[in-house]
Amino acid sequence: MQPSKIVWSKTFTDLYTKKSAQHQRAIDRALRMMAHDVYHGSLKTKKMDGWGDIREAHVTDGQVMTLTVDGTVVSLRVCCNHDDVYRHP
């Protein structure tokens, strides 16, 4: 599914700006893939167990971002390491 709009939450923006340049580039790469297809194979996008409509997408092996999808609008929630995202998606 190709989104019409990708919205950054304040939390996502704050976390993104605190990331290293290397992690920011990885997130940017993932967002470019997401702009063409939210379910791009490299992102491994799937619903998070026990968190309702929140989905996770892998940026790298250790970095994950969470998002919600409402029609064709994707709302980015957080981007953090794999373990932390399951505590506060």
Side-chain angles (χ1 to χ4, degrees):
M1 178 206 83
Q2 184 174 8
S4 63
K5 187 175 185 179
I6 297 177
V7 180
W8 291 39
S9 70
K10 180 177 178 349
T11 303
F12 188 92
T13 302
D14 291 346
L15 291 169
Y16 176 87
T17 58
K18 293 176 185 174
K19 297 283 184 192
S20 68
Q22 179 182 4
H23 281 131
Q24 287 181 358
R25 281 192 304 274
I27 293 168
D28 294 343
R29 190 175 332 110
L31 291 174
R32 282 193 300 275
M33 284 186 265
M34 189 176 285
H36 295 286
D37 183 3
V38 175
Y39 300 100
H40 188 284
S42 295
L43 298 173
K44 303 177 198 166
T45 306
K46 65 177 185 174
K47 278 185 127 177
M48 293 182 70
D49 293 334
W51 289 99
D53 290 335
I54 299 175
R55 290 167 169 75
E56 65 179 273
H58 291 256
V59 176
T60 65
D61 286 339
Q63 294 288 313
V64 179
M65 61 181 153
T66 62
L67 54 114
T68 56
V69 178
D70 184 14
T72 60
V73 177
V74 173
S75 298
L76 303 173
R77 298 172 49 90
V78 298
C79 55
C80 51
N81 75 43
H82 189 270
D83 295 332
D84 290 341
V85 81
Y86 293 103
R87 283 180 243 161
H88 304 287

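- Interatomic distance, NE2 of His23 versus CG of Leu15, reported as 12.5 Å (0.5 Å rounding).
- The shortest heavy-atom contact between Thr66 and Met48 is CG2-SD, 3.7 Å.
- Using a 4.5 Å cut-off between side-chain heavy atoms of Ile, Leu, Val, Met, Phe, Trp and Tyr, with links allowed through other members, Val7 and Leu43 fall into different hydrophobic clusters.
- Looking at residues two or more places apart in sequence or on another chain, you find no side-chain hydrogen bond (donor to acceptor under 3.5 Å, both in side chains) involving Asp70.
- Proximity of Lys47 to Asp53: side-chain heavy atoms (C-beta onward) are separated by under 4.5 Å at one or more points.
- Here Asp14 pairs with Lys10 under the salt bridge (charged side-chain N to carboxylate O under 4.0 Å, His left out) rule; sequence neighbours left out.
- Atom NZ in Lys46 sits 6.0 Å away from atom NE2 in His58 (nearest 0.5 Å).
- The minimum heavy-atom distance between Met33 and Ser42, with the atom names listed, is SD-CB, 3.7 Å.
- Taking each heavy atom of Gln24 and Lys19 in turn, the nearest pair found is NE2-O, 3.4 Å.
- Under the rule for a side-chain contact (heavy atoms from CB on, under 4.5 Å), the partners of Leu76 that lie at least two apart in sequence or sit in another chain are Ile6, Trp8, Phe12, Leu31, Met34, Met65, Leu67, Val74.
- Of all non-hydrogen atoms in Thr45 and Val38, the two that sit nearest each other are OG1-O, 2.7 Å.
- Every residue two or more places apart in sequence or in another chain that forms a side-chain contact (heavy atoms from CB on, under 4.5 Å) with Gln22 is listed here: Ser20, Arg25.
- Once rounded to the nearest 0.5 Å, the distance linking SG of Cys80 with NZ of Lys18 reads 12.0 Å.
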**Request:** Kindly determine whether Thr68 and Trp51 satisfy side-chain contact (heavy atoms from CB on, under 4.5 Å), including the steps that lead there.
**Result:** CA-CA 11 Å; Thr68 56; Trp51 289 99; over 6 Å; no
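- Under the rule for a side-chain hydrogen bond (donor to acceptor under 3.5 Å, both in side chains), Asp37 has no partner lying at least two apart in sequence or in another chain.
- For Lys5, there are no salt bridge (charged side-chain N to carboxylate O under 4.0 Å, His left out) partners, not counting sequence neighbours.
- Scanning both residues, Pro3 and Ala35, for their nearest heavy atoms gives CD-O, 3.6 Å.
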